[in-house]
Amino acid sequence: MSKRGTFRVYITQHHGGLYSAILLRRYRTPFDDPPPAAMAETIDDALARLTPQAALLTDNDDEEELERYLWKEELEMRRLEVEIHPGRPDPHGYVIAKATVPIKLGYAAAKTPGISLYRVVVPRFDWSFVAEDLVAVPGTISSLVFAALVGENAAALYDLRREVEEEIREWAPIEIPDKEVATDSAEPKAAPTLEVVAEDLVALARANRLAATVGIDPIADRLLPTLDEKKFPSLVLVGPRGTGKSQLVRRLARGMLEQSRGKTGKRRRLWSTSADRIVAGMVYLGMWQQRCLAMLADLTDTADVLFVDRLVDIMTPSSDGASIADLLAPAILAGSISVVAECDEAELVRARQRFPALIDAMRVVRVPEASPAQTIALFEPYGARLHPPVALSHDAARRLVELLAAFRRETAFPGKALAALDYLATRPAKTGPYSTEDLTAAFGQWTGLPVELISPEQALDTPTIARSLAAGVIGQDAACRVAARVIARLKAGLDDPQRPVGTLLFAGPTGVGKTELAKQLARYLFGDADRLVRVDMSELTTGPAIARLITPSPAGTSLADRIRRQPLSVVLFDEIEKADAAAFDLLLGVVGDGRLTDVHGRLVDFRMAVIVMTTNLGAADPKPAGFAGAAGADDHHISAIKKFFRPELVGRIDSIVGFKPLELASLERIVELELAKLRQRPGFIARNLRLEVTPGARARLAQLGHDPALGARPLRRTIEDLVISPIADRMARDPSWREATIRIVAAPDAGDVVV
């Protein structure tokens with residue numbers, strides 16, 4: 001044993017049989033990170049996974065940090081049963097119950113050498129304190145537990161009732177230096193180009209600046225022994241986004257750090273870069289190729305590994321037809337450099353078609369999606385590392401997994417679950433774990449989805465949804481009912497998970513509410529009309545225009561960019577009959593499989609989007625206001641649509657929704673909606689002006705704002721000209737005009753109203 005002491009490990013077994021091992025520290029500091037910890041199916045495996053973290057402490061230059069984890073005292077484990085009076089919030093104050101709840105805890109105590117004091121640790125809460133006498137310790141712990149639970153969810157208290165197996169072991173996996181040990185003087189060779197375009201993950205791990213990994217990873221356990229090989233094999237990590245491919249790379253970096261300890265340790269670097277970083281700033285012909293050759297020179301004759309992030313990015317040809325992979329491939333095929341890349345299964349197929357020899361030269365490592373049980377096991381250790389810490393009750397953890405599976409299909413577990421915990425950590429700090437109700441509300445705020453849609457406890461039927469949609473879309477109740485059925489199907493969990501949430505084709509004359517219903521869907525689903533992604537298909541008449549949809553842009557405004565950034569959206573393909581035939585090939589993949597491939601070969605997931613298309617086909621002879629569409633109008637639309645579009649596109653549409661021409665009563669309701677928006681404008685509110693409209697004026701505006709060819713589209717301009725312009729003129733002439741009621745009446749002249 002080192003003169004400075006040895007580690008102490010707190011070991012406990014969890015519900016599912018997994019063991020956790022946590023390094024005990026002598027004291028905490030403000031804003032402290034959680035102590036090093038690991039989890040595995042056996043105690044030996046957990047300790048093996050904890051060893052690299054202990055090595056980081058010894059390699060760190062912060063001697064004071066290491067001293068916090070070294071013990072000379074003999075810690076004796078004791079058991080304690082604490083009787084806690086549970087509390088509950090009440091309008092009169094926090095009420096302490098008369099009954100008690102027993103909590104069984106383990107704590108450890110050790111006499112401090114040389115003085116008559118005892119150091120006490122409560123590992124389950126990560127508490128430590130010093131006491132003069134052990135007699136006072138049970139009462140002190142009881143008070144601390146009560147204070148920690150005041151105001152918490154009741155579930156937190158009852159979770160602590162569970163008695164767990166726990167022990168503290170002395171542990172010496174590595175030699176603790178009694179003084180600073182000289183490291184290997186043979187430094188790796190200089191890598192000037194890699195230092196510009198990449199960062200060494202091993203160096204970040206040595207400086208304790210590499211993002212932490214949590215949980216167990218059998219794939220990493222299988223890969224770590226390959227670090228002992230003279231040349232690390234090139235790898236392709238294959239799996240959906242969110243399965244933990246990047247986390248696996250960080251585990252390899254930590255394994256390399258552990259391997260480098262001591263005078264005989266192998267010094268290996270893991271350089272992390274991407275295609276964008278490699279070509280950044282390379283504006284002249286041949287510059288990025290020269291940089292790739294310089295990178296190869298840095299890597300050759302070393303044990304270093306290059307992580308290039310996405311495989312499809314380095315295989316994407318530049319303007320001259322060459323790609324980064326073309327320059328790296330000869331060295332990879334010859335085995336002179338080691339490269340690690342990521343992709344999913346579809347990208348792997350395309351990469352193998354384009355460059356089979358390169359893929360055959362790399363070892364394919366599949367990273368499967370985590371199961372719900374494996375994901376839930378990560379919540380506790382990952383949440384404890386966040387600032388502020390995030391804790392979920394058992395029911396809330398299951399609810400989060402269910403919600404993510406239903407409403408975030410574009411990303412796999414555990415990545416999307418850990419992203420949800422990251423979001424919870426940005427909210428105001430919460431005392432106690434999240435309940436199912438808290439979690440559901442927070443999930444709704446994160447995604448924008450209404451709580452009544454995502455909560456299993458709340459009822460929501462088609463008529464209720466249809467009424468909400470119809471409040472903003474006048475005169476199209478039948479269309480609102482069809483759209484409402486799509487949302488109700490999502491609520492029930494009966495939508496096809498391998499297709500978009502719904503694919504609707506709105507057919508009807510111009511200006512009857514097709515686009516407005518798409519906006520209303522975005523407002524209802526996400527609380528924001530900006531979640532409507534609109535594509536004007538009349539602009540897609542050339543190949544370059546179509547390519548812009550699937551080409552990522554620096555501004556992030558292409559269709560591929562917007563859906564990749566926010567997969568939960570309503571996507572409107574407006575006037576699809578005006579697009580070039582090539583654009584329909586793009587639509588087939590979107591409406592059929594909910595997928596789109598961008599120009600770099602990366603998939604864009606549309607499975608959580610509502611797809612809306614609009615067309616004027618079959619509406620060549622719109623009826624004037626006051627006359628509803630004739631019987632069989634929907635059949636007329638459907639017949640025209642089937643004649644114009646390819647059968648494979650029509651067959652992928654869930655519903656063709658016919659919009660009828662607006663009646664006069666509907667136009668008057670639209671007038672009232674537009675005037676209600678006018679009342680909310682800053683000028684009206686600032687001057688406290690009230691606006692009244694007579695029935696005759698409302699009817700007059702409806703008549704003047706309708707056009708047989710354009711429907712209700714001219715209505716907004718009519719209100720601007722006949723109502724807003726006179727009011728604005730009066731306000732400009734008379735700054736003192738306020739606290740007034742403005743009446744709008746029909747003028748004797750049939751073409752005007754009087755303000």
Side-chain angles (χ1 to χ4, degrees), residues 191-204 210-211 223 226-227 231-241 243-253 256 268-282 287-300 302-318 322-352 354-367 552 598-603:
T193 303
L194 287 172
E195 289 173 359
V196 173
V197 301
E199 54 190 1
D200 180 11
L201 299 186
V202 180
L204 292 179
L210 187 64
L223 283 178
T226 61
L227 295 176
K231 195 70 177 179
F232 188 78
S234 292
L235 306 176
V236 179
L237 308 180
V238 183
R241 185 161 64 102
T243 54
K245 301 186 293 295
S246 297
Q247 178 173 262
L248 179 57
V249 174
R250 295 199 299 273
R251 290 183 187 273
L252 290 175
M256 294 177 183
R268 176 179 271 154
R269 295 169 294 190
L270 201 167
W271 298 99
S272 175
T273 188
S274 65
D276 288 341
R277 294 183 66 177
I278 292 173
V279 302
M282 304 288 99
M287 288 183 68
W288 70 265
Q289 291 92 336
Q290 187 62 41
R291 175 175 278 180
C292 286
L293 295 176
M295 288 168 50
L296 289 174
D298 289 348
L299 290 167
T300 303
T302 71
D304 292 356
V305 178
L306 178 66
F307 173 53
V308 293
D309 199 13
R310 300 190 61 85
L311 178 64
V312 293
D313 290 350
I314 68 166
M315 298 186 75
T316 301
S318 64
S323 69
I324 296 172
D326 291 325
L327 294 179
L328 300 182
I332 297 175
L333 293 172
S336 58
I337 67 170
S338 301
V339 173
V340 177
E342 299 178 4
C343 68
D344 60 29
E345 289 288 352
E347 293 166 349
L348 178 65
V349 171
R350 287 192 294 273
R352 193 181 294 277
R354 185 179 184 276
F355 214 144
L358 176 62
I359 302 303
D360 290 341
M362 304 176 76
R363 183 182 302 178
V364 175
V365 179
R366 285 181 166 79
V367 184
D598 69 11
V599 293
H600 298 317
R602 296 179 297 181
L603 286 179

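Counting begins at 1 with the first residue of the sequence.
- By the 4.5 Å heavy-atom criterion applied to side chains, P233 and T226 are counted as neighbours.
- Scanning all heavy atoms of the two residues, the minimum distance from A329 to F355 falls at CB-CZ, 3.5 Å.
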Please lay out, stage by stage, how D344 and R602 fare under the test salt bridge (charged side-chain N to carboxylate O under 4.0 Å, His left out). CA-CA 9 Å; D344 60 29; R602 296 179 297 181; over 6 Å; no
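- Between L358 and the choices I332, L328, D326, V236, the side-chain contact (heavy atoms from CB on, under 4.5 Å) rule is met once, by I332.
- Between S246 and E342 there is a side-chain heavy-atom pair separated by less than 4.5 Å.
- With hydrogens and angles disregarded, a donor-acceptor distance shorter than 3.5 Å links the side chain of R350 to the backbone of G601.
- Contact annotation: the side chain of K245 approaches that of T243 to within less than 4.5 Å [non-hydrogen atoms, C-beta and beyond].
- The minimum heavy-atom distance linking L327 with C292 is given by the pair CD1-CB, 3.6 Å.
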Step by step, would you call R366 with E345 a side-chain contact (heavy atoms from CB on, under 4.5 Å)? CA-CA 9 Å; R366 285 181 166 79; E345 289 288 352; 2.7 Å; yes
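- Between the S336 side chain and the A331 main chain, a donor and an acceptor come within less than 3.5 Å of each other.
- Partner W271 forms a side-chain contact (heavy atoms from CB on, under 4.5 Å) with one of V339, D200, V197 and no other, that one being D200.
- Looking only at side-chain heavy atoms (C-beta outward), V364 and R352 come within less than 4.5 Å of each other.
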Evaluation steps, side-chain contact (heavy atoms from CB on, under 4.5 Å), between R291 and T193: CA-CA 7 Å; R291 175 175 278 180; T193 303; 4.0 Å; yes
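- With a 4.5 Å cut-off on side-chain heavy atoms, H600 and P317 do not count as touching.
- The side-chain heavy atoms of L223 and L252, taken from C-beta on, include a pair separated by under 4.5 Å.
- Residues V599 and P552 have side chains in contact (heavy-atom distance under 4.5 Å, counting atoms from C-beta outward).
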Residue pair L237, V249: steps toward the side-chain contact (heavy atoms from CB on, under 4.5 Å) verdict: CA-CA 9 Å; L237 308 180; V249 174; 3.8 Å; yes
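- Judged by distance alone, the side chain of R268 and the main-chain N or O of L227 form a donor-acceptor pair under 3.5 Å.
- Of all heavy-atom pairs between R250 and A211, the closest is NE-O, 3.2 Å.
- Screening I324, V196, I278, I337 against M295 for a side-chain contact (heavy atoms from CB on, under 4.5 Å) leaves a single residue, I278.
- Among all heavy-atom pairs drawn from M287 and G281, the shortest one is CE-O, 4.1 Å.
- Among all heavy-atom pairs drawn from S234 and S338, the shortest one is OG-CA, 3.6 Å.
- Pairing each heavy atom of A351 with each of L311, the nearest pair is CB-CD2, 3.8 Å.
- Between the side chain of R310 and the backbone N or O of C343, no donor-acceptor pair lies under 3.5 Å.
- Atom OG of S323 sits about 10.0 Å away from atom CD of Q289, to the nearest 0.5 Å.
- Between the side chain of K231 and the backbone N or O of A303 there is no donor-acceptor pair closer than 3.5 Å.
- To the nearest 0.5 Å, atom CG of residue D304 and atom CG of residue L306 are 9.5 Å apart.
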Could you walk me through whether L194 and E199 pass the side-chain contact (heavy atoms from CB on, under 4.5 Å) check? CA-CA 7 Å; L194 287 172; E199 54 190 1; over 6 Å; no
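- Side-chain polar atoms of D313 and T316 form no donor-acceptor pair below 3.5 angstrom.
- For the atom pair F307 CZ and L201 CG, the distance stands at 8.0 Å (nearest 0.5 Å).
- Under the 4.0 Å criterion applied to side-chain N and carboxylate O atoms, R277 and D309 are not assigned as salt-bridge partners.
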